[in-house]
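Written out below as structure tokens is the structure these notes cover.
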Number of protein chains: 2
Amino acid sequence: MKDVNVADEVTRAAVELFAAQGYANTSVQQIVEAAGVTKGAMYHYFESKDDLLFAIYDRMLSLQKAHLDEIIARGGPTEQVLHDVCVDVIETSIDFLPEGTVFFRSMHMLTAPRQQEVTRRRREYHDEFAALIERGQQEGRYRTDIPRSVLIANFFSDVHYLSHWYSPEGPEGRGLVAEQLTDLFLSGIRATAGGVSASDDGASAAAVGGGAR
Amino acid sequence: MKDVNVADEVTRAAVELFAAQGYANTSVQQIVEAAGVTKGAMYHYFESKDDLLFAIYDRMLSLQKAHLDEIIARGGPTEQVLHDVCVDVIETSIDFLPEGTVFFRSMHMLTAPRQQEVTRRRREYHDEFAALIERGQQEGRYRTDIPRSVLIANFFSDVHYLSHWYSPEGPEGRGLVAEQLTDLFLSGIRATAGGVSASDDGASAAAVGGGAR
DNA sequence: ACGGTCATACCGACCAGACGGTATGCACCG
DNA sequence: CGGTGCATACCGTCTGGTCGGTATGACCGT
């Protein structure tokens, strides 16, 4: 099965190098050397350097979308489903930390049509996530005084940022961090007894205390 | 004052192009054309393309650090100070949205020493921010069941992510979004009434999984 | 069994061109 | 006259991609 091995080895090396040095700073020569193959072999399996990059995106997107669908299909109370979705995407992102680095850093290096494709598939994920939040809002669980798009951005930002600070060698296990970030997010969007006062007086908001149940 | 004008115009064009196409995909030729100057003029003011990129970082870092110091120097209750700091960094990031795009996307394109310099100055900001959180924790205001580094990452992620979703043309004013994100963050880190507090003796947060009750 | 044919997998020298950077020169100013 | 501010032509390097060629092996008619 040399077929699989070459393509896989190239992909592996590419992710590693792209994450470490960036897409533009990594030459095809470097990749094939790191993968232990030749340029000819690589161009036999990939149309272009861009194609190689897209393969990384494709794998990530497919994986996370599959997870999302599976969790939603499982059903259950909104809070539970949302919790599971959040934890999963964080854990998955930790499992694929180098891919994540490349993902957010090099998206603009893709050719226009592929960039659109990535955007489209990310929006699919986004929309399903948004539907979950909306469901929770209709159930009175989550606050409605802040636009839904802001609530969602607030969560995805955490996923996005992971590759900038999380280290697998650090003290925190991936499962723990996932629970913690999810908890922070859910605590933030939970509907509270009182409203939110915008401009002045940030201090008095503390008096409201938690709507923790 | 042609001196200032040329350098400024080049910087302006560079930010715009870097944000739109990425650093690596933007040639020096493109920059000088967009700025309405010649390559000779540009290389008279900047040592290299890298130098140009660093100038962008330098400006952002100086600005935000100055703001931070000013707000902290103003004093006041912890909650108020932290609130103001959060709002400010978000508003500033919105004012310099293209710079922000470049900032996070192209850091790895800087030469090693400059990358270190940027990291060093970011850490300065980070540490002052961490000190604020710690103060709030000692006052019993903020939860201690989650590592401080996670709390902080949770906030900076929002700042980081802004350039990926916020649009000045959108319905949300920059001040409003800043308040909303700040509120979400503060709601998340607030110590809950009956919840875990006191000394952090390790992983006491495991209870999160079941989702309330 | 066997020569021949064809497709697939792979090799690696080579190329066109783009890019960052420089060298040289000139105009203007104090 | 010297120095600053800039213009322009030019260069060496490096890169993505190509292309002619070879090795391997399955299949086939005889």
Side-chain angles (χ1 to χ4, degrees), chain A residues 1-58 102 105-115, chain B residues 1-58 102 105-115:
Chain A
M1 287 289 175
K2 260 299 174 71
D3 330 14
V4 183
N5 221 330
V6 168
D8 278 359
E9 208 56 28
V10 168
T11 309
R12 222 187 41 76
V15 169
E16 211 172 297
L17 287 167
F18 290 166
Q21 330 173 338
Y23 176 79
N25 284 338
T26 305
S27 68
V28 174
Q29 204 49 246
Q30 273 183 287
I31 296 171
V32 298
E33 269 164 29
V37 302
T38 63
K39 228 169 165 181
M42 193 219 104
Y43 273 98
H44 181 73
Y45 290 97
F46 298 94
E47 282 190 358
S48 59
K49 194 186 174 190
D50 177 84
D51 199 33
L52 189 49
L53 181 59
F54 183 73
I56 298 170
Y57 283 85
D58 187 47
V102 177
R105 193 193 264 164
S106 305
M107 208 166 149
H108 61 288
M109 303 302 256
L110 287 169
T111 57
R114 288 187 154 159
Q115 214 168 318
Chain B
M1 287 285 178
K2 261 291 173 75
D3 332 14
V4 182
N5 220 330
V6 168
D8 279 359
E9 209 55 29
V10 168
T11 309
R12 221 187 42 77
V15 169
E16 211 171 297
L17 288 167
F18 290 166
Q21 326 174 338
Y23 176 79
N25 285 338
T26 305
S27 69
V28 174
Q29 204 49 247
Q30 273 183 288
I31 295 171
V32 298
E33 268 164 29
V37 302
T38 63
K39 225 159 140 178
M42 193 217 102
Y43 273 97
H44 182 72
Y45 290 98
F46 297 93
E47 281 192 359
S48 60
K49 194 187 175 190
D50 177 83
D51 199 32
L52 190 49
L53 180 59
F54 183 72
I56 298 170
Y57 283 84
D58 187 46
V102 176
R105 193 193 265 163
S106 306
M107 208 165 148
H108 61 289
M109 304 302 255
L110 286 169
T111 57
R114 287 186 154 158
Q115 214 167 317

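Numbered from 1 within each chain, the chains take letters A, B, ... in sequence-line order.
Atom CG of B:Asn25 and atom C1' of C:dA18 are 12 Å apart (whole Å). Put simply, CD on B:Gln29 is 17 Å from P on C:dG17, counting in whole angstrom units. Rounded to whole Å, the distance from CD on B:Glu9 to P on D:dG5 is 18 Å. Rounding to whole angstrom units, OH of residue A:Tyr45 and P of C:dT8 are separated by 12 Å. The distance from atom CG of A:Leu17 to atom P of D:dT15 is 13 Å, rounded to the nearest whole Å. Note: CG (A:Asn5) to C1' (C:dA9) measures 14 Å, nearest angstrom. Atoms NE2 (B:His44) and C1' (C:dG21) sit 16 Å apart, rounded to a whole Å. Atoms CG (B:Asp51) and P (C:dT22) sit 12 Å apart, rounded to a whole Å.
The distance from atom CD of A:Gln115 to atom CZ of A:Phe54, rounded to the nearest 0.5 Å, is 11.5 Å. Taken from CG in B:Asp50 to OG in B:Ser106, the straight-line distance is 11.0 Å, to the nearest 0.5 Å.
A residue-by-residue look at B:Tyr43 and A:Lys39 shows that A:Lys39 has its nearest nucleotide of DNA chain C further toward the 5' end. Nearer the 5' end of DNA chain D, as judged by each residue's closest nucleotide, is the contact made by A:Val28, out of A:Val28 and A:Gly40.
At the heavy-atom level, A:Lys49 lies under 4.0 Å from the strands shown only through sugar-phosphate atoms.
A heavy-atom distance below 4.5 Å is not found between the side chains of B:Phe18 and B:Arg105. Counting heavy atoms from C-beta outward, B:Leu52 and B:Met42 have side chains that approach closer than 4.5 Å.
Considering only side-chain atoms of B:Ser48, the nucleotide from C:dC10, C:dG21, D:dC6 that sits closest is C:dG21.
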